[in-house]
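Residue numbers start from 1 in every chain, and the chains themselves are labelled A, B, ... in the order their sequence lines are given, proteins ahead of strands. The figures that follow rest on heavy atoms only: side chains count, while hydrogens, waters and symmetry mates do not.
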Protein chains: 2
Amino acid sequence: MEEVNKKILLVEDDPNFGAVLKDYLVINDFEVTLAKNGMEGFEKFKKDNFDLCILDVMMPYKDGYTLAREIREKNKEVPIIFLTAKSMKEDVLKGYKVGADDYLNKPFDSEVLLMKIKAIIQRKASETKTDNTKFEFQIGKFHLNSKLRFLTFENEEPIKLSPKENELLKMLALHENDLMPRELALTKIWRDDNYFTSRSMDVYIAKLRKYLKPDEDVEILNIHGEGFRLVIKNKVSE
Amino acid sequence: MEEVNKKILLVEDDPNFGAVLKDYLVINDFEVTLAKNGMEGFEKFKKDNFDLCILDVMMPYKDGYTLAREIREKNKEVPIIFLTAKSMKEDVLKGYKVGADDYLNKPFDSEVLLMKIKAIIQRKASETKTDNTKFEFQIGKFHLNSKLRFLTFENEEPIKLSPKENELLKMLALHENDLMPRELALTKIWRDDNYFTSRSMDVYIAKLRKYLKPDEDVEILNIHGEGFRLVIKNKVSE
DNA sequence: TAAAATATTAACCAAACATTAACAATCCTG
DNA sequence: CAGGATTGTTAATGTTTGGTTAATATTTTA
């Protein structure tokens with residue numbers, strides 16, 4: 001198979017620096033789209049499918065953090081690297097909060113950037129085993145359409161699921177009869193793993209259990225300290 | 001279960017700086033072991049089970065890189081952060097080559113370090129969760145699924161095991177018919193080796209023996225002063 | 001922009017789990 | 001073989017996690 005180059009969205013307002021960095025990345029076998037401000041960056045992000053975003057923090061109109069937040073709304077997976085003018089503590093902390101994968105202080109060494117890019121893409125690649133193409137699931141006598149967020153019991157009227165209910169049930173279904181680690185759902189769905197998100201998840205588990213009650217053979221079990229398990233008994237076939 | 005703090009090995013030759021950094025980390029709920037040179041660092045590394053190593057690069061006798069390489073030989077997983085005196089490109093690249101997870105230039109902001117530590121430990125934790133090491137064991141007429149923490153006797157209902165019961169039984173199974181040193185279980189499972197954890201372990205051994213009673217051919221023997229041995233008699237095949 | 005839908009936070013209780021204590025049994029060494 | 005050290009066992013005490021309901025906050029939608 002022909003190796004497809006990884007796509008990078010580079011958002012940088014300094015045209016000289018942007019061009020140089022772009023060239024450098026292209027030489028190193030990346031496909032680079034350059035945007036010169038946050039506005040343009042977001043437009044280009046929506047039009048394509050990037051493996052990585054490199055965002056300058058200081059930009060006119062729309063700064064890197066705001067852009068990052070918009071990108072995160074569209075896509076919870078894509079890695080983001082920030083470029084900050086100097087090692088400002090608040091910048092760095094803010095970056096991590098918005099979901100950055102790394103940050104880099106200007107001026108930086110290009111080889112270091114390259115190293116980081118490779119490390120991050122590599123990491124994401126190994127994480128992305130979670131299938132997000134499948135969206136229909138048979139769960140005992142229920143049928144879940146996670147695209148429409150419908151949960152249907154036999155021939156009854158479908159129940160509408162909220163986004164979080166939907167994603168959580170889908171993730172459980174993807175791990176049917178197996179452990180779905182708490183942490184996985186928290187980092188993937190809630191994008192944060194702390195006391196409150198954890199409690200929030202418990203609330204959602206309770207909601208799902210309520211929905212699933214009509215089918216005796218479907219159950220969400222807890223594995224203390226680890227996560228949950230969606231068990232489907234008396235399954236006829238696979 | 002009492003939350004066990006993460007253990008950090010800090011190797012730093014400047015006693016003042018080392019002490020200050022250690023205190024700072026201790027205040028932030030880490031358990032810190034401070035070594036004042038590479039030699040000592042490696043000795044301490046071998047004696048315990050750390051979640052993270054922070055190594056100063058410039059040290060007498062044995063520099064940070066050499067130490068990192070030795071640590072990597074023993075353990076390919078543990079995250080390593082380097083502290084470099086200044087942003088030397090070669091230093092950074094060399095660090096990555098040796099398998100660093102991050103590096104930090106002195107002087108650095110302590111909050112940034114803390115952030116990095118948390119991010120790295122978090123990342124490692126999520127990687128380890130998906131670790132597909134062996135998790136199913138046949139123990140005489142029992143079957144242990146250590147991922148779901150189930151112990152099943154023939155066709156009966158599975159017994160749910162607590163995390164410690166599970167890990168301990170798994171470790172015994174990994175040393176089937178052989179000595180499982182007390183100290184190994186204590187450092188790996190209890191993450192500490194003292195009078196109380198040792199007694200706690202004995203309590204768990206008693207619990208496991210109770211579970212395993214139904215099969216005459218399975219026994220946990222004590223080897224006085226050494227550890228335990230899971231023996232499985234009349235084994236039909238491997 | 002108000003109502004509806006969704007999500008988070010709080011509070012309380014129960015269950016699961018781990019540690020400690022206390023005492024008995026066993027082992028080992030001088 | 002006496003006595004300290006180690007191990008076996010049960011029970012109590014302590015801690016963390018999870019289940020649940022409801023109040024509050026936030027976002028979406030009409």
Side-chain angles (χ1 to χ4, degrees), chain A residues 69-70 72-74 76 146 148-151 158-170 172 179-183 185-186 188-213 219-230, chain B residues 1-5 29 146 148-151 158-170 172 179-183 185-186 188-213 219-230:
Chain A
R69 223 172 285 119
E70 290 176 352
R72 272 279 167 271
E73 265 177 45
K74 285 269 164 202
K76 298 204 202 314
S146 69
L148 300 175
R149 304 208 313 253
F150 277 170
L151 180 64
I159 304 164
K160 285 195 231 170
L161 298 183
S162 86
K164 286 250 154 75
E165 290 167 354
N166 178 56
E167 287 192 76
L168 185 56
L169 184 52
K170 177 182 170 182
L172 284 163
L179 169 70
M180 185 215 52
R182 222 190 164 77
E183 197 216 307
L186 290 175
K188 294 267 177 189
I189 301 176
W190 273 263
R191 307 214 44 94
D192 197 357
D193 181 352
N194 63 43
Y195 172 77
F196 290 110
T197 53
S198 196
R199 297 324 324 277
S200 186
M201 175 172 166
D202 290 335
V203 172
Y204 276 88
I205 290 287
K207 290 181 189 185
L208 291 181
R209 283 185 176 136
K210 210 168 275 175
Y211 290 145
L212 296 174
K213 212 153 220 171
E219 236 178 328
I220 299 175
L221 299 184
N222 173 256
I223 299 176
H224 200 96
E226 296 286 335
F228 293 91
R229 192 161 83 99
L230 177 68
Chain B
M1 183 180 103
E2 189 191 317
E3 178 67 48
V4 178
N5 292 336
D29 288 332
S146 69
L148 300 177
R149 303 208 312 249
F150 276 172
L151 180 64
I159 303 164
K160 287 198 227 171
L161 298 183
S162 87
K164 286 250 154 76
E165 290 166 356
N166 178 54
E167 288 192 76
L168 186 56
L169 184 52
K170 179 180 171 181
L172 285 163
L179 169 70
M180 184 213 54
R182 224 189 162 78
E183 194 215 315
L186 290 175
K188 293 267 178 195
I189 302 176
W190 273 263
R191 314 224 42 208
D192 202 351
D193 181 352
N194 63 44
Y195 172 77
F196 290 110
T197 53
S198 195
R199 296 323 328 276
S200 187
M201 175 170 164
D202 289 334
V203 171
Y204 276 89
I205 290 287
K207 290 182 188 182
L208 291 182
R209 284 186 175 135
K210 207 171 278 176
Y211 290 145
L212 296 174
K213 213 152 219 171
E219 237 178 327
I220 298 175
L221 300 184
N222 173 256
I223 299 173
H224 201 90
E226 298 286 335
F228 294 92
R229 194 160 82 96
L230 176 68

Check: In terms of heavy-atom contacts, does NZ of B:Lys160 have more than 12 from other residues, nucleotides or ligands at under 6.0 Å?
Finding: no
Note to self: From CZ of B:Arg199 over to P of D:dA5, roughly how many Å is that when rounded to an integer?
What the structure shows: 14 Å
Next item on the list: May I have the distance from B:Phe196 (atom CZ) to D:dT15 (atom P), rounded to whole angstrom?
Entry: 14 Å
Check: Is B:Lys210 touching bases, backbone alone, or none of the nucleic acid, heavy atoms closer than 4.0 Å?
Finding: sugar-phosphate
Item checked: Between C:dC27 (P) and B:Leu221 (CG): distance, integer Å -> 12 Å
Item checked: Short side-chain N/O contact to C:dA18 OP1/OP2 from B:Trp190, under 4.0 Å -> no
Check: What's the closest nucleotide to the B:Asp202 side chain, out of C:dA18, C:dT6, D:dT7?
Finding: D:dT7
Note to self: In the structure I gave you, are the side-chain heavy atoms of A:Phe228 and A:Asp202 within less than 4.5 Å of one another anywhere?
What the structure shows: yes
Check: Any donor-acceptor pair under 3.5 Å joining the side chain of A:Arg182 to the base of D:dG18?
Finding: no
Next item on the list: Quick one: label B:Tyr195 by what it contacts on the DNA or RNA (base, sugar-phosphate, nothing), any heavy atom closer than 4.0 Å.
Entry: nothing
Check: Choosing from C:dA7, C:dC28, D:dT20, which nucleotide comes nearest the side chain of B:His224?
Finding: C:dC28
Next item on the list: Measure from CD1 on A:Ile205 to P on D:dT21 and round the result to the nearest Å.
Entry: 15 Å
Notebook entry, point to check: Hey, is the side chain of A:Lys207 poking within less than 4.0 Å of OP1 or OP2 on C:dA7, counting only N and O atoms?
Noted result: no
Check: Under 6.0 Å between the ring centres of B:Tyr204 and B:Trp190?
Finding: yes
Next item on the list: Would you indicate what B:Ser200 reaches in the nucleic acid, counting non-hydrogen atoms under 4.0 angstrom: base, sugar-phosphate, or nothing?
Entry: base
Item checked: Polar side-chain atom of B:Ser146 near backbone of B:Lys170 as donor-acceptor pair, under 3.5 Å -> no
Margin query: At 4.0 Å (heavy atoms only), tell me whether B:Asn222 reaches a base, stays on the sugar-phosphate, or touches nothing.
Written below: sugar-phosphate
Notebook entry, point to check: What is the distance, rounded to the nearest whole Å, between atom NZ of A:Lys160 and atom P of D:dT28?
Noted result: 16 Å
Check: Between D:dT9 atom C1' and B:Tyr211 atom OH, what is the distance in whole Å?
Finding: 15 Å
Checklist line | Length of the CZ-P vector between B:Arg209 and D:dT10, whole Å | finding: 11 Å
Margin query: Assuming nearest nucleotide by heavy-atom distance, tell me which of B:Val203 and B:Gly225 is located more 5' along DNA chain D.
Written below: B:Gly225
Check: D:dG8 C1' sits how many Å from B:Leu212 CG, rounded?
Finding: 16 Å
Check: Is the closest side-chain donor-acceptor distance between A:Arg149 and A:Ser162 under 3.5 Å?
Finding: no
Margin query: For B:Arg149 and A:Ser162, find the nucleotide of DNA chain C closest to each by heavy atoms; which residue's nucleotide sits nearer the 5' end?
Written below: A:Ser162
